[in-house]
Amino acid sequence: QVQLVESGGGLVQAGGSLRLSCVASGTLVITNTMGWYRQAPGNQRELVATITSGSTTNYADSVKGRFTISRDNAKNTVYLQMNSLKPDDTGVYYCKVVERRLGMDYWGKGTLVTVSS
């Protein structure tokens, strides 16, 4: 059973930075895609960024130029460096891993990011 644990959330002022981490335990196939999603109160959960096993990245337009996703395959860990944070970035950030060949999706429990104005 794969488990994902996020960390690094917290309270930060607008313009500040945070770095989120998500470590996967258990057995994962090499060809997986890892990503970050977020959900603000009253909003739909939305994609923030994804990264493939080959390090191809994709970002939501709202975070381009401010957020950077990266991964360490040896550690089964994905990171999200968040700079120039805005109050609209506030929400619970969830880690997701997709094993396409196996048709398996895994979600973490989330970590709360609060950006004050």
> So if you build clusters from Ile, Leu, Val, Met, Phe, Trp, Tyr with side-chain heavy-atom gaps below 4.5 Å, do M34 and F67 land together?
Replying inline: yes
> Given side chains that start at C-beta, do those of N76 and V23 come closer than 4.5 Å, heavy atoms only?
Replying inline: no
>> Keeping E6 on the side-chain end and G110 on the backbone end, is there a donor-acceptor pair under 3.5 Å?
In response: yes
> What pairs with S7 under side-chain contact (heavy atoms from CB on, under 4.5 Å), at least two apart in sequence or on another chain?
Replying inline: S21
> Measuring from W36:CH2 to I51:CD1, what's the distance to the nearest 0.5 Å?
Replying inline: 12.5 Å
> Does L47 share a hydrophobic cluster with I69, counting links as ILVMFWY side-chain heavy atoms below 4.5 Å and allowing steps through other members?
Replying inline: no
> Checking side chain to side chain contact (heavy atoms under 4.5 Å, CB included) against T31, which of E99, R100, R101 comes through?
Replying inline: R101
> Do V97 and L4 have side chains that get closer than 4.5 Å, going by heavy atoms?
Replying inline: yes
> Looking only at heavy atoms, which two atoms of T33 and R71 are closest? And how far apart?
Replying inline: CA-NH1, 4.2 Å
> Would you say the side chain of V48 lies within less than 4.5 Å of the side chain of L80, judging by non-hydrogen atoms?
Replying inline: yes
> Is L102 reachable from V2 through a run of I, L, V, M, F, W or Y residues, each pair having side-chain heavy atoms under 4.5 Å apart?
Replying inline: yes
>> Quick check on Q39: does its CD atom have over 12 non-hydrogen neighbours (other residues, nucleotides or ligands) under 6.0 Å away?
In response: yes
> Do any pairs count as a ring-ring contact (aromatic ring centres under 6.0 Å, His included) and have a residue in residues 97-117, sequence neighbours left out, and if so which ones?
Replying inline: Y37-W107
> Residues in side-chain contact (heavy atoms from CB on, under 4.5 Å) with V113, at least two apart?
Replying inline: L18, L20, M82, Y93, V115
> Which side chain to side chain donor-acceptor pair (under 3.5 Å) pairs, counting each pair once, include a residue from residues 46-60, with sequence neighbours left out?
Replying inline: R38-E46
> Listed by chain and number, what are the side-chain contact (heavy atoms from CB on, under 4.5 Å) partners of R19, not counting sequence neighbours?
Replying inline: Y79, Q81
>> Can you list everything that forms a side-chain contact (heavy atoms from CB on, under 4.5 Å) with K86? Sequence neighbours excluded, please.
In response: R66, D89
> With distance as the sole test, does T77 use its side chain to make a donor-acceptor pair with the main-chain N or O of K75 at under 3.5 Å?
Replying inline: yes
>> Are the side chains of V12 and S116 in contact, using a 4.5 Å heavy-atom criterion?
In response: no
> Are S17 and N83 close enough that a side-chain donor and a side-chain acceptor fall under 3.5 Å?
Replying inline: yes
